[in-house]
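Contents: one structure, followed by commentary.
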Amino acid sequence: MNTDQTTKTLVLKGVGVSPGIAIGRCCRFDPLDSKISFYKLKDESLIPDEVLRFKKALKESEHQLQDIQKNLRKAKITEPVYVIDVHILILRDKIFANRTINYIRESGVNAEWALRMTLDHYKEIFEGVEDDYISSRASDVEYVVQRILRNLSGEKQENVWNVGNESVVVVAHDISPADTAQMKLDKILGFATDSGGRTSHTAIVARSLELPAVVGLNNITRFAHTDDQIIVDGTAGMVVVNPYPDILKRYEEKKRHYEAAKEEYLEFGKLPAMTLDNYHVEVGCNIEFVEEIPSAIAHGAENIGLYRTEFLYIYRDDLPTEEDHFNNYSQVVTNKNLSWSTIRTFDLGGDKFHGHQKQNKELNPQMGMRAIRYSLKEIDIFKTQLRAIWRASVLGKTKILFPMISSVEEIREAKRMLEEARRELGLRGIKIDSRMEIGAMMEVPSAVVIADRLAREVDFFSIGTNDLIQYSLAIDRANERLTYMYEPLHPAVLRLIKRIVDEAHKAKIKVAMCGEMAGDPLCIPVLLGMELDELSMSHLAIPRIKKIIRESTLKESKLILKKALSFSTAPEVRSYVQNYMLKRFPEEFKAEED
Ligand code: PEP
Ligand code: MG
């Protein structure tokens with residue numbers, strides 16, 4: 001721990017994406033940091049030993065990766081195992097190894113230097129490739145090189161592994177799911193990163209691991225060093241590096257409160273989300289991995305309101321088969337504690353990882369070939385998933401949800417594919433549940449405008465506010481420089497949501513919300529006032545949201561909504577709602593004010 005009294009306390013503001021407070025020692029996670037030395041070999045006689053040293057480091061790296069895989073399998077974390085397969089393949093690749101050995105021999109440099117030359121060579125190749133799948137492989141080579149470099153330097157593991165018994169706060173430029181999969185998760189207290197936004201994958205992963213996280217800090221990696229003391233306040237979106245003793249004390253107090261409240265909230269998770277005047281809201285959970293289901297149920301999820309299936313496609317070189325999909329979905333829909341599971345068809349593209357996706361780099365991927373557009377172009381991949389969802393439907397109540405619908409033609413085409421998938425299964429004599437509900441995600445403004453027409457086509461709507469806000473306010477959801485503009489309480493957003501709910505109800509279909517707004521306690525009175533039928537959120541948010549709903553009334557919420565809709569600006573709406581919540585739930589919101 002840095003005990004230097006002259007060290008300056010630094011407070012950085014970012015985006016709090018996973019609640020809670022972490023206090024501990026900072027551990028910088030740099031994919032290519034280094035105390036690495038590069039030197040020319042004194043004479044040729046040293047070459048054979050240098051080659052041997054490199055080969056030994058290759059072997060060591062492979063053994064370490066195999067150990068990581070074993071640990072992941074033991075912890076039943078399956079998806080990241082695939083990425084490690086890729087890394088092992090790189091380590092075993094003869095061309096990769098021989099290129100480095102040739103550099104050692106021909107240039108007379110040490111193994112580290114030769115390895116950097118190999119990496120530069122691969123990076124140059126990858127970066128010049130238009131195909132996203134291939135170009136993203138550069139990071140895999142980089143990761144493998146880092147591991148070999150560490151082994152060459154005698155440091156057996158990267159920083160995050162090498163934390164001894166003390167838990168640490170990980171500070172990095174960015175943390176990919178692959179990085180987290182390779183960390184000792186039980187030794188991690190929280191995350192602070194330079195980049196990322198509320199719905200970036202760093203954020204989603206942190207929430208699913210229940211670790212406090214602040215992202216979008218811009219330059220935390222410049223200011224925080226390994227061993228510095230650091231506080232991550234994921235609730236307020238603040239990071240304090242080297243806190244003064246009294247700041248530290250205050251945060252320790254806050255952390256105790258937060259944890260006590262968490263325990264207390266858990267009790268609310270078990271209760272229905274029923275207002276004091278008997279308005280009932282279904283509360284679901286958003287998941288990315290099957291492994292999250294127990295935690296979702298423990299926090300009070302009644303259903304899976306959004307299963308993002310993208311992770312089935314990433315970190316593997318081949319495409320998931322119908323059986324892969326089916327086995328996975330079976331584990332979700334057969335859970336007896338869930339009333340239903342909403343499986344969203346893959347939403348690849350945009351800020352999601354591309355995995356196998358063979359698509360050209362797009363100038364504007366969020367508005368490009370993503371989600372349903374991509375599905376309708378890659379019909380075989382799409383129908384493989386659709387058949388698996390149909391097959392799962394007989395095992396437990398299943399709903400299917402199509403992402404990023406922007407027109408009636410699109411939903412009709414998606415339904416036509418679904419029908420074809422059903423026919424194909426029929427020919428194979430496989431049973432399906434023909435009552436499976438079909439839903440459209442409402443996350444594109446054009447869909448909102450024609451909500452009345454779309455409502456005739458589906459059984460339910462699910463509002464994806466993460467994208468709806470992005471598209472309606474024209475702000476890239478992953479761009480940390482625009483975070484200040486990302487405002488769920490913007491009058492335009494409120495009007496769009498209201499229109500969706502009203503049109504759904506006119507058509508007598510249900511309407512859910514599965515964007516992050518659904519789990520934001522401050523937004524609850526306006527969402528209740530609109531009479532949403534379901535809210536689906538990250539599991540950590542559920543108990544607190546249920547508590548607020550249980551202590552609210554529909555009648556009062558409608559008045560709040562009416563007043564909120566009367567303002568012209570987002571700051572007016574926000575300050576009105578904030579003041580109301582502070583008065584109405586002083587205990588709940590006081591801590592956030594502090
Ligand atoms: C949304 O857009 O609000 C949503 C829930 O989907 P995703 O975050 O996966 O785009
Ligand atoms: Mg979306």
Side-chain angles (χ1 to χ4, degrees), residues 15 17-18 177 196-208 215 283-289 292 296 301 303-314 341-355 365-375 385 399-406 410-411 414 439-448 460-479 483 486-490 493-494 496-497 500-501 511-520 523 527 532 534-539 541:
V15 190
V17 290
S18 184
R198 190 171 295 284
T199 54
S200 65
H201 275 272
T202 307
I204 289 169
V205 166
R207 280 194 293 272
S208 72
V215 303
V283 174
C285 188
N286 299 348
I287 60 164
E288 276 85 39
F289 302 107
E292 293 174 82
N303 61 68
I304 299 300
L306 174 67
Y307 179 18
R308 292 182 168 102
T309 56
E310 294 81 64
F311 276 83
L312 284 168
Y313 294 83
I314 59 174
S341 303
T342 313
I343 302 177
R344 182 180 73 181
T345 61
F346 60 79
D347 181 355
L348 295 166
D351 76 331
K352 311 285 194 315
F353 302 101
H354 291 195
Q366 295 284 3
M367 293 207 254
M369 186 51 72
R370 75 169 266 215
I372 197 71
R373 303 166 182 186
Y374 180 69
S375 307
Q385 182 178 37
K399 300 187 185 194
I400 188 168
L401 183 59
F402 294 115
M404 220 189 154
I405 295 295
S406 64
E410 229 164 25
I411 189 74
M441 282 207 63
M442 299 298 275
E443 48 186 354
V444 179
S446 64
V448 184
F460 69 98
F461 283 158
S462 189
I463 308 174
T465 49
N466 306 341
D467 278 316
L468 187 60
I469 295 170
Q470 152 166 275
Y471 296 127
S472 58
L473 303 185
I475 39 169
D476 178 354
R477 66 192 252 186
N479 184 338
T483 306
Y486 195 89
E487 177 53 277
L489 292 172
H490 190 295
V493 176
L494 293 183
L496 290 170
I497 297 171
I500 301 170
V501 180
V511 55
M513 176 178 283
C514 62
E516 295 297 310
M517 186 179 181
D520 182 346
C523 299
L527 299 181
L532 270 134
E534 299 167 29
L535 297 174
S536 188
M537 61 203 75
S538 137
H539 62 278

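Atoms within each ligand, like the ligands themselves, are counted from 1 in listed order.
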*Should R207 and E516 count as an ion pair when the cut-off is N to O under 4.0 Å?*
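A salt bridge links R207 with E516.
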Rounded distance (nearest 0.5 Å) linking atom [atom1] of [X] with atom [atom2] of [Y]:
{"X": "D467", "Y": "D347", "atom1": "CG", "atom2": "CG", "value": "6.5 Å"}
{"X": "S406", "Y": "M367", "atom1": "OG", "atom2": "CE", "value": "12.5 Å"}
{"X": "L535", "Y": "S462", "atom1": "CG", "atom2": "OG", "value": "10.0 Å"}
{"X": "D520", "Y": "L527", "atom1": "CG", "atom2": "CG", "value": "8.5 Å"}
{"X": "N286", "Y": "H539", "atom1": "CG", "atom2": "NE2", "value": "11.0 Å"}
{"X": "R344", "Y": "F402", "atom1": "CZ", "atom2": "CZ", "value": "12.5 Å"}

*Can you check whether E516 has an N/O within less than 3.5 Å of an N/O in ligand 1?*
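Checking ligand 1 against E516, no N or O pair falls under 3.5 Å apart.
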*Hey, which N, O or S atom on E443 ends up closest to the Mg ion (ligand 2)?*
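For E443, the N/O/S atom sitting closest to the Mg ion (ligand 2) is OE1.
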*For D467, what is the atom name of its N, O or S atom nearest to the Mg ion (ligand 2)?*
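Going through the N, O and S atoms of D467 one by one, OD2 ends up nearest to the Mg ion (ligand 2).
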Residue part near ligand 1, for [X], under 4.0 Å between non-hydrogen atoms:
{"X": "E310", "result": "neither"}
{"X": "M404", "result": "neither"}
{"X": "D347", "result": "side chain"}
{"X": "N286", "result": "neither"}

Hey, which atoms in ligand 1 end up nearer than 4.0 Å to a heavy atom of [X]?
{"X": "G464", "value": "1 (C), 2 (O), 3 (O)"}
{"X": "G515", "value": "3 (O), 5 (C)"}
{"X": "L306", "value": "5 (C)"}
{"X": "C514", "value": "5 (C)"}
{"X": "R370", "value": "10 (O)"}

_side-chain contact (heavy atoms from CB on, under 4.5 Å) partner of Y486, chosen from V15, I475, V493, L473_ =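 Between Y486 and the candidates, side-chain contact (heavy atoms from CB on, under 4.5 Å) is satisfied uniquely by I475.
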*asked:* Minimum distance, heavy atoms only, to atom 7 (P) of ligand 1: which one of E443, E288, M441, R344 is it?
replied: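 Result: the heavy atom closest to atom 7 (P) of ligand 1 is in R344.
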_Less than 4.5 Å apart, side chain to side chain, heavy atoms only: is that true for M513 and T465?_
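Touching, per the 4.5 Å side-chain cut-off.
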*ligand 1 contacted by R477 (non-hydrogen, < 4.0 Å)*: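 Within the 4.0 Å threshold, so yes.
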